[in-house]
Amino acid sequence: MSRPARGTLSRVPPLNLGNQQPMTPLDAEHAWRATAERAADTVLFFDFDGTLAPVDDDPTAVQPAPKVLAALESLAPLVRRIAIVSARPVEFLRDHLGGLAGIDLYGLYGLEHSHSGGETVTEPAALPWVPTMSELAEQARAELPPGALVEFKRLSVALHWRTAPQLGGLVQEWGRARAERLGLRCQAGRMVLELKPPVDRDKGMVIGEIVRDAGGAWYFGDDVSDIKAFAALRARAAADPHFVGVCVAVANPETGHEVADAADLTLDSPAALATFLTDALPHLT
Ligand SMILES: O=P(O)(O)OC[C@H]1O[C@H](O[C@H]2O[C@H](CO)[C@@H](O)[C@H](O)[C@H]2O)[C@H](O)[C@@H](O)[C@@H]1O
């Protein structure tokens with residue numbers, strides 16, 4: 001099948017886990033129509049960076065794409081839940097979602113969560129790793145060359161090389177060696193390597209738990225860590241032919257085709273996502 005043209009919304013071959021046939025409708029309009037029939041039982045999941053917010057050299061400078069928050073606010077009362085599932089801390093997400101009410105936040109790949117503006121709950125098994133992460137961030141700052149950016153997130157450390165692409169190999173080598181020594185796990189991303197505690201929590205597990213009793217779900221993501229979330233929707237659909245699961249990739253040249261190949265639909269940017277969500281509103285009202 002040919003690749004979707006940039007700037008268009010197209011269907012690409014779905015991920016095939018264990019030969020199951022995903023029940024995903026064929027195009028966006030059908031998908032929203034099927035969703036409308038079960039909107040009160042549908043959860044809309046969004047990754048943050050690269051999906052709701054365009055990528056920036058400075059991880060602290062990002063903001064959601066224009067109109068994206070307004071679209072989420074309009075969609076929230078029409079579906080069961082809206083949830084953001086991100087590698088960012090919950091506090092960061094809360095600060096960057098402009099006080100949106102009624103949204104669930106899953107931060108640090110699900111090591112933290114906050115339901116509908118409530119307190120932030122941290123996975124207890126991860127807490128003993130805070131000092132290790134803090135020391136690791138200090139070591140990274142001391143040992144990695146200028147140009148590598150170290151982002152300390154309490155329960156994980158992200159090592160960035162976006163503004164110094166020539167350091168990518170060295171940063172990854174340093175990070176993987178350190179992870180092995182400390183018993184940490186690595187998650188690769190867009191010009192970043194993230195080191196996390198060895199606690200079983202990822203986007204797929206978060207989504208799998210939430211959709212257990214849902215009638216449908218959409219997941220919007222741009223990076224390789226989002227493929228686990230897509231797989232969770234596929235697994236749910238495989239277990240229940242009435243479940244409508246739709247996986248949407250927000251394309252970018254860095255992740256190549258891997259995410260788009262695992263998705264049903266592809267959008268070409270966070271700005272295109274805002275338009276896509278705004279256009280979906282009439283289907284659900
Ligand atoms: O799960 P996500 O919400 O997609 O978070 C993934 C990582 O996002 C951030 O890094 C990425 O975006 C930065 C800002 O645009 C960019 O500078 C960087 O190159 C990207 O990798 C965040 O800083 C990381 O902690 C997250 O792991």
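Order of listing sets the numbers, starting from 1, for every ligand and every atom in it. This one's a predicted model, so the numbers in the text were calculated from it and none came from an experiment.
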Examine the proximity of ligand 1 to [X] and report which part, side chain or backbone, both or neither, has a heavy atom under 4.0 Å away.
{"X": "Asp57", "value": "backbone"}
{"X": "Val55", "value": "both"}
{"X": "Gln187", "value": "neither"}
{"X": "Asp49", "value": "both"}

Pairs touching residues 93-105 that satisfy salt bridge (charged side-chain N to carboxylate O under 4.0 Å, His left out), sequence neighbours left out: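 Every pair satisfying salt bridge (charged side-chain N to carboxylate O under 4.0 Å, His left out) with a residue in residues 93-105: Arg81-Asp104.
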
What is the nearest protein non-hydrogen atom to [atom], stated with its residue, atom name and distance?
{"atom": "atom 20 (C) of ligand 1", "value": "Arg190 O, 3.4 Å"}
{"atom": "atom 15 (O) of ligand 1", "value": "Asp56 N, 2.7 Å"}
{"atom": "atom 19 (O) of ligand 1", "value": "Arg162 NE, 2.6 Å"}
{"atom": "atom 27 (O) of ligand 1", "value": "Glu194 OE1, 2.7 Å"}
{"atom": "atom 10 (O) of ligand 1", "value": "His160 CE1, 3.5 Å"}
{"atom": "atom 2 (P) of ligand 1", "value": "Asp47 OD1, 2.8 Å"}

Parallel, tilted or perpendicular, as decided by the 30° and 60° cut-offs, for the rings of Trp32 and Phe276: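 The rings of Phe276 and Trp32 sit tilted, inter-plane angle from 30° to 60°.
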
Could you list which atoms of ligand 1 come closer than 4.0 Å to a heavy atom of [X]?
{"X": "Val62", "answer": "14 (C), 15 (O)"}
{"X": "Ser86", "answer": "1 (O), 2 (P), 3 (O)"}
{"X": "Phe48", "answer": "3 (O)"}
{"X": "Lys153", "answer": "24 (C), 25 (O), 26 (C), 27 (O)"}
{"X": "Glu151", "answer": "22 (C), 23 (O), 24 (C), 25 (O)"}
{"X": "Lys203", "answer": "1 (O), 2 (P)"}
{"X": "Val192", "answer": "21 (O)"}

Do you see a donor-acceptor pair shorter than 3.5 Å between the side chains of [X] and [Y]?
{"X": "Asp58", "Y": "Thr60", "value": "yes"}
{"X": "Ser156", "Y": "Glu194", "value": "yes"}
{"X": "Trp218", "Y": "Thr35", "value": "yes"}

Ring centre gap for Phe45 and Tyr106 strictly below 6.0 Å: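 No, ring centres 6.0 Å or more apart.
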
Glu258, CD: over 12 other non-hydrogen atoms inside 6.0 angstrom: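 It does not: Glu258 CD has 12 such atoms or fewer within range.
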
same_hphob_cluster(Tyr219, Val43) at 4.5 Å side-chain heavy-atom cutoff: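 Yes; tracing contacts between hydrophobic side chains, which count when under 4.5 Å, links both residues.
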
Closest non-hydrogen atom pair between Gly98 and Leu69, with its separation: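 Taking every non-hydrogen atom into account, N-CD1, 4.2 Å.
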
Salt-bridge present (Lys228, Asp223; N to O < 4.0 Å):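 No.
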
[X] N/O to ligand 1 N/O under 3.5 Å:
{"X": "Ala87", "result": "yes"}
{"X": "Asp222", "result": "no"}
{"X": "Asp58", "result": "no"}
{"X": "Ser225", "result": "no"}

Non-hydrogen side-chain atoms of Asp202 and Val206 separated by less than 4.5 Å: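 They are not in contact (no side-chain heavy atoms under 4.5 Å apart), so the answer is no.
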
Flag side-chain contact, heavy atom, 4.5 Å: Met133 against Leu184: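 Met133 reaches Leu184 side chain to side chain.
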
Residue that, paired with Arg190, satisfies salt bridge (charged side-chain N to carboxylate O under 4.0 Å, His left out) out of Asp49, Asp226, Asp222: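 Passing option: Asp222.
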
